[in-house]
Q: 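Before I ask anything, here is the structure I am working with.
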Amino acid sequence: MENTLCSLKTIQDIRARHGFAFTKSLGQNFLINPQIPRQIAEGAGIDADTGVIEVGPGIGCLTFELAQRAKKVVAVELDRSLLPVLGETLAAFDNVSVVNADVLKLDLGELIEREFAGMRVVVCANLPYYITTPVIMKFLEEGLSVDSLTVMVQREVAERFLAPAGQKEYGAISVAVQYYSAPRLLLRVGRGNFHPAPKVDSAVIRMDILQDRGAKVANEAFFLSVVRAAFGQRRKTLQNALANGLAQIGKQDVVKALTEMGLDADIRGERLSLSEFAALSDLLIQYLH
Ligand code: SAM
């Protein structure tokens with residue numbers, strides 16, 4: 001079946017017939033190049049046994065490609081005015097359902113259990129950019145039975161997810177994403193592929209969830225709070241950033257742990273790799289007892 005949904009002409013037709021109006025605050029930039037959703041769906045590794053959660057189907061341009069490849073697609077869309085549109089554009093598929101909800105408020109564990117029993121599940125989406133990080137962290141942190149996330153995000157955000165230690169884009173989100181998953185770049189997408197065109201370029205990344213995580217830590221919540229605190233005050237040395245950002249941790253504790261790890265006491269957080277953050281948080285948590 002040919003996908004005719006990713007075009008300016010279709011969007012204009014839908015606006016005229018359904019009276020649909022774009023809501024800028026919902027990050028509504030729709031794809032108008034049919035090659036992009038095809039490449040996203042292919043890169044997501046979807047087959048006839050896969051269940052797909054899509055966030056923000058819009059008028060269904062990516063959904064169409066997902067539905068052609070997957071066993072089942074559940075698309076979560078916040079904008080109620082898109083429901084009749086999706087009813088029309090996806091009418092040919094009996095394996096798609098649309099849930100009208102805010103993805104950030106949804107019980108995803110319950111949705112997966114209800115909709116995808118016995119299926120391998122992946123997430124695939126052209127995300128609304130105003131909530132990119134919270135949506136991704138929700139999928140990563142909730143320990144859901146999801147194999148991978150393949151998402152279009154702002155290019156700068158993709159660079160942060162992929163950055164290794166020491167690079168200027170490296171930060172708390174890089175460590176967190178690389179702790180939960182193995183991220184890789186699939187595709188760069190210029191702003192001209194969307195309507196309306198956003199002010200930024202985009203990229204598609206695929207994050208394969210690591211069942212054993214990217215590093216072993218004694219306490220996941222404490223590890224993540226160490227990482228957040230380390231980057232909370234970027235210009236500070238790690239000992240100052242952690243002493244300021246973590247209750248119960250003093251500078252001496254950090255210096256002691258860094259010395260034990262053979263690292264310079266004046267090191268900055270952006271120099272530490274994921275495994276060094278894991279080792280540091282395991283040492284610091286011992287000092288708390
Ligand atoms: N998938 C379509 C495409 O690629 O053309 C549209 C992508 S558009 C960047 C983002 C979509 O997310 C919009 O349809 C918007 O209404 C929807 N959206 C925004 N906030 C949302 C939320 N909190 N929960 C679910 N969907 C949301």
Side-chain angles (χ1 to χ4, degrees), residues 3-15 18 20-44 46 52-70 73-90 93 96-108 111 122-139 142 149-155 157-158 186-205:
N3 182 356
T4 56
L5 299 176
C6 316
S7 81
L8 190 54
K9 190 168 161 290
T10 304
I11 293 172
Q12 280 165 345
D13 172 57
I14 282 171
R15 290 180 77 173
H18 289 269
F20 171 74
F22 282 95
T23 306
K24 207 175 165 198
S25 62
L26 287 181
Q28 291 182 338
N29 303 99
F30 296 166
L31 280 163
I32 51 169
N33 176 352
Q35 278 178 24
I36 311 284
R38 215 172 294 143
Q39 285 173 298
I40 298 175
E42 269 159 26
I46 296 163
V52 184
I53 303 177
E54 185 189 7
V55 178
I59 64 164
C61 155
L62 173 60
T63 326
F64 193 100
E65 296 295 330
L66 301 173
Q68 281 192 318
R69 294 165 173 82
V73 180
V74 174
V76 182
E77 175 56 61
L78 179 58
D79 186 347
R80 183 178 287 273
S81 70
L82 285 167
L83 302 191
V85 176
L86 289 163
E88 181 185 295
T89 57
L90 302 172
F93 298 101
V96 180
S97 54
V98 178
V99 175
N100 180 213
D102 178 344
V103 68
L104 290 176
K105 295 191 182 144
L106 208 54
D107 183 341
L108 294 168
L111 179 135
V122 304
V123 175
C124 192
N126 171 13
L127 287 175
Y129 291 172
Y130 75 106
I131 47 167
T132 302
T133 304
V135 172
I136 291 174
M137 288 318 292
K138 182 175 162 90
F139 277 103
E142 287 189 6
L149 316 182
T150 300
V151 288
M152 174 120 68
V153 299
Q154 196 177 316
R155 189 168 294 178
V157 174
L186 286 187
L187 202 64
R188 291 177 204 279
V189 183
R191 63 194 78 182
N193 292 290
F194 300 86
H195 180 77
K199 290 198 175 71
V200 292
D201 291 320
S202 297
V204 180
I205 53 165

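Indexing begins at 1, ligand by ligand and atom by atom, following the structure's order. Everything quoted here is computed from the prediction, not taken from an experiment. The residues of the chain are indexed from 1 along the displayed sequence.
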Q: Do Y130 and L26 have side-chain heavy atoms sitting under 4.5 Å apart?
A: yes
Q: Could you label the plane-to-plane angle of the F93 and F64 rings as parallel, tilted or perpendicular, counting under 30° as parallel and over 60° as perpendicular?
A: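 Rings of F93 and F64: perpendicular, over 60°.
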Q: Check this for me - ligand 1, Y130, N or O atoms closer than 3.5 angstrom, yes or no?
A: yes
Q: Can you tell me if M152 contacts ligand 1 (heavy atom of the residue under 4.0 Å from the ligand)?
A: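 Outside the 4.0 Å threshold, so no.
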Q: Is the closest N or O pair between V103 and ligand 1 shorter than 3.5 Å?
A: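 Right, the criterion is met.
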Q: Sub-3.5 Å donor-acceptor pair from the side chain of D201 to the main-chain atoms of R191, do we have one?
A: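 Present.
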Q: Please report the C-alpha distance between D79 and F20 in whole Å, then the side-chain angles of each, then the deciding distance to 0.1 Å, and finally whether the side chain to side chain contact (heavy atoms under 4.5 Å, CB included) criterion is met.
A: CA-CA 10 Å; D79 186 347; F20 171 74; 3.7 Å; yes
Q: Would you tell me which option among H195, Q28, E77 has the nearest heavy-atom contact to atom 14 (O) of ligand 1?
A: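 The nearest heavy atom belongs to E77.
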Q: Say whether L62, considering both its backbone and side-chain N or O atoms, lies within less than 3.5 Å of an N or O atom on ligand 1.
A: no
Q: Of the options I136, V151, L187, L186, which is the one that meets I205 in a side chain to side chain contact (heavy atoms under 4.5 Å, CB included)?
A: V151
Q: Taking 4.0 Å as the limit for heavy-atom contacts, which would you say applies to C6 with ligand 1: side chain only, backbone only, both, or neither?
A: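 The answer is neither; C6 stays 4.0 Å or more away.
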Q: Just heavy atoms, cut-off under 4.0 Å: does N126 contact ligand 1 by side chain, backbone, both, or neither?
A: both
Q: Does the pair R69/E65 count as a salt bridge with the N-to-O cut at 4.0 Å?
A: yes
Q: Can you tell which part of L104 has a heavy atom less than 4.0 Å from ligand 1: side chain, backbone, both or neither?
A: neither
Q: Could you check which of V99, L26, N100, L127 puts a non-hydrogen atom nearest to atom 19 (C) of ligand 1?
A: L26
Q: Would you check the N or O atoms of G58, main chain and side chain alike, for any that come under 3.5 Å of an N or O of ligand 1?
A: yes
Q: Answer whether the closest heavy-atom distance between the side chains of P57 and L86 falls below 4.5 Å.
A: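 Result yes, sub-4.5 Å side-chain heavy-atom pair found.
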Q: Out of P128, A125, G27, whose heavy atom sits nearest atom 18 (N) of ligand 1?
A: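 Minimum heavy-atom distance to atom 18 (N) of ligand 1 goes to P128.
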Q: Does P57 approach ligand 1 within less than 4.0 angstrom via side chain, backbone, both or neither, non-hydrogen atoms only?
A: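 Contact part for P57 vs ligand 1: backbone (N, CA, C, O).
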Q: Does ligand 1 come near enough to I131 that some N or O of the ligand is less than 3.5 Å from an N or O of the residue?
A: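 No - when backbone and side-chain N and O of I131 are compared with those of ligand 1, no distance drops under 3.5 Å.
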